[in-house]
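Here is how names work: the chains are called A, B, and so on, in the same order as the sequence lines, proteins then strands, and each is numbered from 1. Not measured: the values here are computed from a predicted model.
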Protein chains: 4
Amino acid sequence: MKAFEVVGNFGFENLRRVELPEPNAGPGQVVVRVRAVSLNYRDLVVIKGGYGPRQKLPLIPLSDGAGEVSAVGTGVKRVKVGDRVMGCFAPAWQEGPVTQEKVDSSLGCYVDGVLTEQVLFSEDALLPIPAHLSFDEAATLPCAALTAWNALFVADHLQPGATVVVQGTGGVSLFALQFARMAGARVIATSSSDLKLTRARDLGASAGINYKTTPDWDKEVRKLTDGRGADHIVEVGGAGTFNRSLGCVRLGGMISMIGVLAGASAEVRTTLILFRAVRVQGIFVGSRAMFEDMNRAISAHRLQPVLDRVFPFEEAPAALRHLESGAHFGKVVISI
Amino acid sequence: MKAFEVVGNFGFENLRRVELPEPNAGPGQVVVRVRAVSLNYRDLVVIKGGYGPRQKLPLIPLSDGAGEVSAVGTGVKRVKVGDRVMGCFAPAWQEGPVTQEKVDSSLGCYVDGVLTEQVLFSEDALLPIPAHLSFDEAATLPCAALTAWNALFVADHLQPGATVVVQGTGGVSLFALQFARMAGARVIATSSSDLKLTRARDLGASAGINYKTTPDWDKEVRKLTDGRGADHIVEVGGAGTFNRSLGCVRLGGMISMIGVLAGASAEVRTTLILFRAVRVQGIFVGSRAMFEDMNRAISAHRLQPVLDRVFPFEEAPAALRHLESGAHFGKVVISI
Amino acid sequence: MKAFEVVGNFGFENLRRVELPEPNAGPGQVVVRVRAVSLNYRDLVVIKGGYGPRQKLPLIPLSDGAGEVSAVGTGVKRVKVGDRVMGCFAPAWQEGPVTQEKVDSSLGCYVDGVLTEQVLFSEDALLPIPAHLSFDEAATLPCAALTAWNALFVADHLQPGATVVVQGTGGVSLFALQFARMAGARVIATSSSDLKLTRARDLGASAGINYKTTPDWDKEVRKLTDGRGADHIVEVGGAGTFNRSLGCVRLGGMISMIGVLAGASAEVRTTLILFRAVRVQGIFVGSRAMFEDMNRAISAHRLQPVLDRVFPFEEAPAALRHLESGAHFGKVVISI
Amino acid sequence: MKAFEVVGNFGFENLRRVELPEPNAGPGQVVVRVRAVSLNYRDLVVIKGGYGPRQKLPLIPLSDGAGEVSAVGTGVKRVKVGDRVMGCFAPAWQEGPVTQEKVDSSLGCYVDGVLTEQVLFSEDALLPIPAHLSFDEAATLPCAALTAWNALFVADHLQPGATVVVQGTGGVSLFALQFARMAGARVIATSSSDLKLTRARDLGASAGINYKTTPDWDKEVRKLTDGRGADHIVEVGGAGTFNRSLGCVRLGGMISMIGVLAGASAEVRTTLILFRAVRVQGIFVGSRAMFEDMNRAISAHRLQPVLDRVFPFEEAPAALRHLESGAHFGKVVISI
């Protein structure tokens, strides 16, 4: 089967198209014919070797895939050949709180991922694709959508009428926008592009702030919330934006830390955490159980993931470079 | 000023139209010119003296009113003359968990209520009416809407995609229906009338069950949820329906007890509570803080309360009898 | 190997000592040489066939066992031969909320239990015995202790200084007493025996109420809490005591339903649930993850389970009859 | 009456002993004859004007006082002359979540505090002193103890057997140590002094780490928790220690931010918040309702606050300098 692997050394230049033997399904295992994968910022870090010495080569990168069951091992009960399925981001994380073992099972980092024609899964790591979604759309859910879901509905308990701030227009931010709307919340989006803000409004954002032309966007958020501040801020920018988030979250509000776009550490106004009684919570994707809850909501609302662009399998490297450019609005997908 | 009082003995026949002196606003107090009041099932119990020996006569009944500020005492900061306001159901319950003192402050039971032209409030007991609502509509919020809000979003943390069962088409049930929809949940409504079920569907219910023609409605709920059961059941029927609710709530799901329609006690299948790991929670209206959160959501969604019928002040007794008949769909209001 | 089975028909008289083939450990499986088992009230119901048509015969009853690992299958990583281990009550309930599948995996009801010399477990279903505990003591933990833990620390969040009521002096009640004390709470115990109340006080209860001589024990609890009521009531009596529990729980307090001693249904004063804003929650034992947390606490505090009496294997029927008599104080154990 | 005021300019040198008119109790108000006050690090910041332009002069500093009711205004019901009482840190924070209005009511910052012989309180701002405590001891509770309580039992839900790290041996840290022990948790204390660590062990800490001789104290915490990390870290050091706290909190664990000892901002390893799924929560003292819960626990356990040293009223400046030196173990008190 065809696959992409990082070979020899880390770095984009070492991402090679290779021919690998097809997997066989052992007891409880399932072979999935991958039909689409989606990209996350994390994949760029992985390919560069940014997750440290525990990363081994060669490595098939990417975590999020959707496809059809092509073979099942003995004892498999949850799926059958032909089923349309998505894989879990962290197969060992079935439910309950996160543990190191669950984190380490994440695909496409310390273990092989899904940028390949066929992937071997434990049957527990697969979920049915909501009926209204294509493979391309379903491939966007395992990491980005689930992270947004976890942030808003597990780590936090968003009430209708609450105000959510989403930063930028990457995958997690747009899912957070759509989920927040689904739950009856107001959304304020930030971006460096007025065009993207217009599209965010089309998706249901009630306001957009261009952080290039309004660098004090935290003050603008305060204005838009009658001085109260936002109830929940989905912090994707990491270091660069965290102090702004602290500047516009309401007293007792929540900042969910989901992104590492802007570096590993940052100068943080720690006293604001204290005086605003803020909750900051790191969000590491989510469990299979959360994924099931999310799918129920996605199906009930016939939610359409926002696809930025779909690349053919051969152009996987171009897809990754497109993501890196930051030009996207929504998810970048590779059709296989 | 004109008012209705229960005089001499409890009972509908003792509800008299009386002339009372106008109230004066002391320090921190506010006089409200009442423009509309709404009825709750509780008012019927109150007028019959059903809340025990602590009920004193004469008593101005009813708890839910909306109107205009007509006078303010010294030191009042939160409102000014002319403001459109609603009164809190339990003025002493500003925030935090419920206490006996807060319960006892409920209007129209142990203390005088709002079936009168003017009412004296502490300034803390008043909230601004959402801009899109009339007095008649605003008068429906203090008890029924807040009870539904508390059940779904404070006692429980409803997620999008969850399934909520609402029983009947009284005030609390329809607000629960509307709020659940606002939060992205599915709603199954029950009623003895197909016509009312049609109207419930028009309000967003995805299914309706006629419990007369389908007495085993709990089984029908299970079917409609693929055997899983409902996530949340708003139990208004009390004794008569509780075992059915136990029969169709999902494992670990919640039954919020809000109603006393069917008697003070009931034969309950307690083992089902255990084996289904059910949460049953009594909901006693809610606090001013919850009311503020609810109003923010109502304003953001321009939610329209469902008015069954508006009676003129003189016909207050007829309005109460109409409520008692159970023929209503939504709230019964008296315009003053 | 020797075992007890219910054979032919349900009922104590059909509990037979039998000789069965020894189990073999398949992949991921572990054979445990059982050294002690403990009894729960549920076992009496099981043997009588009280859990309905899904119960099949022959059946090895009992759910709670402790012993040594005598053999491990391929791929087993969590335990090795010679390890001292306890089995999980519901092996499929590793973590997260309860589901039907997890409930159905409970030992000694729809599947064989532990009243036998050797039991085959999945490696996931075993936990190490705290170092300070004997096999007899460890055998008391899987059901009774975990139920009490779940009630106080998962379903509820007990604060130091809170007041907990425990009913009677069976296994769950005494574990609840000990755990509540460990967490800094006050405990009020009820019993029909002054002698047992004295022993409960020796274990840390600050007060005891004889419900025979003080049938209005709910009023006594109110007195002992300055009229406030208890924060948490561990309801083991089921039907017979539930209204008393409603009578003495504080506003907004919690009643955890853990027992079925007194019948499948009961006349419940449902209005009290409403007006006291009570939380009633069914507690179905608990997950492996809760068991791990509990063991950490038991080890840190060197908690000693209260053993009523230890019977030899041959006298298993006598042990069951002893439990049925209600004469016990703490756990009834069978040493194998 | 005698008092200390910061006069003219901020700074210790401007803390003057002054003679002020005695307060009179208006309606709902209470005059308290202050018998003891305690110091918090915050008071040092206040006196230097560190809380910004909203601080006005002259100002009576300090927030925590205990004394006797010497006069009551009309309508006061909660206390009577002669009652032993403590004042709330933030009188407007009766219950519910924190708001700006509640924060701004904190004593001794934007409004006058308690370093004076008599203080005027609203009756709602007073709580009875637990019977076993002296005025000196009671004066330590309003800020430091309540902050520790809020962190462990409101913001978090500490289970028995959990591990708590407390940093240093100031007031909040020692209360956190004592409260955590009361709730059945293990405590690891850090300090730069072996002598203080010995005293912390005497108070119940199971381990102490000297961060001078073991600068990688986070690794030591990991070792002491079998690699798992601590469940809760009471972060008092602010900037300087936050990354260490991130280094030793367990996955999904909590860091409560309560201190500002080390500056207004810090370089924070934000990715660790994400990958460890950490909850960071700012703790701003607490409400009257939390204070009541805490007192119930303090009384039940006859908890003894740790007094470092009691200064006479005249030596208030020396007391403040003593606190500033960091030499203290527990609370610094001024007897009036």
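Atom CE of M257(B) sits about 15.5 Å away from atom CZ of R279(C), to the nearest 0.5 Å. The CD1 atom of I258(B) sits 7.5 Å away from atom CG of L274(C), with the distance rounded to the nearest 0.5 Å. Separation of atoms CD1 (I283(C)) and CD1 (I273(B)) is listed at 11.5 Å; rounding is to 0.5 Å.
Surrounding CD of Q100(C) are more than 12 heavy atoms belonging to other residues, nucleotides or ligands, all under 6.0 Å away.
Contacts between V278(B) and chain C at a heavy-atom distance below 4.5 Å involve the backbone alone (N, CA, C, O).
Looking only at heavy-atom pairs under 4.5 Å with chain B, the residue among L272(C), V280(C), V103(C) that has the most is V280(C).
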